[in-house]
Amino acid sequence: MVEDLAKAVMEQKMHEIGYPGNQCVKLTKFYKWLLKTGLDTSIMNNAGDPYHPYPGTNTLVYERTVIDFFGSYFGFDMSNIWGIVTFCGTDGNNHGIYFGVQYLKSKSKEKPIVYVSDAAHYSNMRLADAQNLEIRLIKTNTNGEMLPEDLEKQLDPTRPVLMIYAVGTTFKGAIDNQKELNKVIEKKNPVAVYRHIDAALFGGYLPFTEYSDLVDRNKCPFDSIAVSGHKFFGMDEPAGIFITTRDVLKAQNPFHVTYLNEDMPMLNCSRSSITPLKFWWLIQHEGDAGWRKQANQLLSNAQWLYKKLKEIEYPCYMNKASNTVFFTCPPQVVVDKYHLATDYDARLGGRLAHVVVMQHVSKKKLKEFLADLILVTKNRKKMEK
Ligand SMILES: *Cc1c(COP(=O)(O)O)cnc(C)c1O
């Protein structure tokens, strides 16, 4: 029965500490409001450009407000900003890669090459593949950061560079060192460069912390950024934002579509009208103060977990500005109970697992996890004796 499914989800959700979903969704009042308005009996569709809205059954005006709000945190100038609310982080990366290719085409006749680290989210490789692009995977250090020396070796300056920087890799939570990598690009002086930032998780919380410079394009210049909405911000289903500049937008083919107010540079025709409203609602009710508090809580709880693991001498690792703690993979019972994600790195002794500290991952939950971890590792040691 579907009721059983709902019950199972409600039971399971608080145990999940291995994936970057925020299980503290606060949209109850939004849904009450929606029911009161009658919008639950309507079809709305944001087909069109949020910066060129037309009246009708859409929320394009609110979509623009949402993009402007987040854009200011990423250092976009309000006179040079464009973007859309996407269906997820992957959708944002797809736009980053597509817009990047079109932009680079306007600068050079040569085909671009995509450079992305081997620790970046697989969607970047998949999307570059779908767009029939040549990809060069750049090696990472044990922290998961792209190696400047390998970029230097692999970068071909005769072809345009489509750079994808990971700001928070999926497994190790590593942030590519844009300053050092940009130095390599500068030194090799390629015919043209486009930089896209994949900040699906970290792009949510970094703007509200002391590390905000890492996603500020005035500090590290980039052309576009993609962030997921359901990771940090507290959306109840997959969503995201994609933000770029008007300079990049101008290089796109608008495919003049008269019945949609002319401008359709984005990949999909239909987009959600409800998602921008939810974002807008969260901006009103959570806003800077709420997100600042949550962001710093995540980082301090992650630090606390890391410290505790060190205290019991459990092999563990954590990157700067990260809410992700990774460690030697514990026995399967622990992996299953907490739905831990696992990975493999021979340089760090083989199998690894991680905890992503989101809003619902309290110290209490982490204490429970630590107690289980200590118990099973003690038992294992006893059995080995
Ligand atoms: C989660 C994640 C993605 C994919 O985002 P979706 O919103 O799940 O499509 C892309 N990149 C990174 C770094 C991620 O962590």
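Everything quoted here is computed from the prediction, not taken from an experiment. Both ligands and their constituent atoms are indexed starting at 1 by order of listing. All residue numbers refer to positions in the sequence shown, counting from 1.
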Check your understanding: With the 4.5 Å side-chain cut-off for hydrophobic clustering, are Met266 and Val248 part of the same group?
Key -> yes

Exercise for review: Taking the side chain as every heavy atom from C-beta outward, state whether Thr342 and Val335 have any pair of such atoms under 4.5 Å apart.
Suggested key: yes

Review point. Should the pair Tyr62 and Trp280 be assigned to parallel (<30°), tilted (30 to 60°) or perpendicular (>60°) ring geometry?
Key: perpendicular

Exercise for review: On the 0 to 90° scale, with breaks at 30° and 60°, tag the His196-Phe242 ring pair as parallel, tilted or perpendicular.
Suggested key: tilted

Practice item. Please assess Lys139 against Asp118 for the test salt bridge (charged side-chain N to carboxylate O under 4.0 Å, His left out), listing each intermediate value before the final yes or no. Key: CA-CA 6 Å; Lys139 291 196 188 85; Asp118 62 16; over 6 Å; no

Check your understanding: Name the residues with a heavy atom less than 4.0 Å from ligand 1?
Key -> Cys88, Gly89, Thr90, Asn93, His121, Gly168, Thr170, Asp198, Ala200, Ser228, His230, Lys231

Point to revise | Interatomic distance, Tyr98 atom OH to Gln131 atom CD [nearest 0.5 angstrom] | key: 8.0 Å

